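Let me begin by presenting the structure, written as structure tokens, before commenting on it.
Computed from a predicted structure; not experimentally measured.
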Amino acid sequence: MAITPDLAVKRVLQAAEAISGDHDKSVAWLQEPIAAFGGKTALELVAEGRTDDLLGYIQSFESGYVG
């Protein structure tokens, strides 16, 4: 079963909230450029089918990676 874009965004949002602890900041972050992905936003990455890459990036912060 394929993951729908809406479900992918929900997964990304939940992962971001787990790190930030703030729903509103996490929602805003979805539309902010991410330098590590060439300035693309989380929403753009999800639209391109790169949800797993994005989740890995978010998890790297949870693991203590800064950069």
Answer whether the closest heavy-atom distance between the side chains of T41 and L30 falls below 4.5 Å. no

Looking at every heavy atom in both D53 and F37, which two are closest together, and how far apart are they? O-CZ, 3.8 Å

Determine the minimum heavy-atom distance between E44 and K40, stating which atoms define it. OE1-CA, 3.1 Å

Does the side chain of L45 reach to within under 4.5 Å of the side chain of I34, using non-hydrogen atoms? yes

Sequence neighbours excluded and cut-off under 3.5 Å, please list the side-chain donor-acceptor pairs for residues 7-15, or say none.
none

Give me each pair satisfying side chain to side chain donor-acceptor pair (under 3.5 Å) with a member in residues 24-36, each pair once, sequence neighbours excluded. S20-S26

Taking all heavy atoms of L54 and all of A42, pick out the closest pair and write down the distance. CD2-CB, 3.5 Å

Roughly how far, to the nearest 0.5 Å, is OG of S60 from CD1 of I19? 8.5 Å

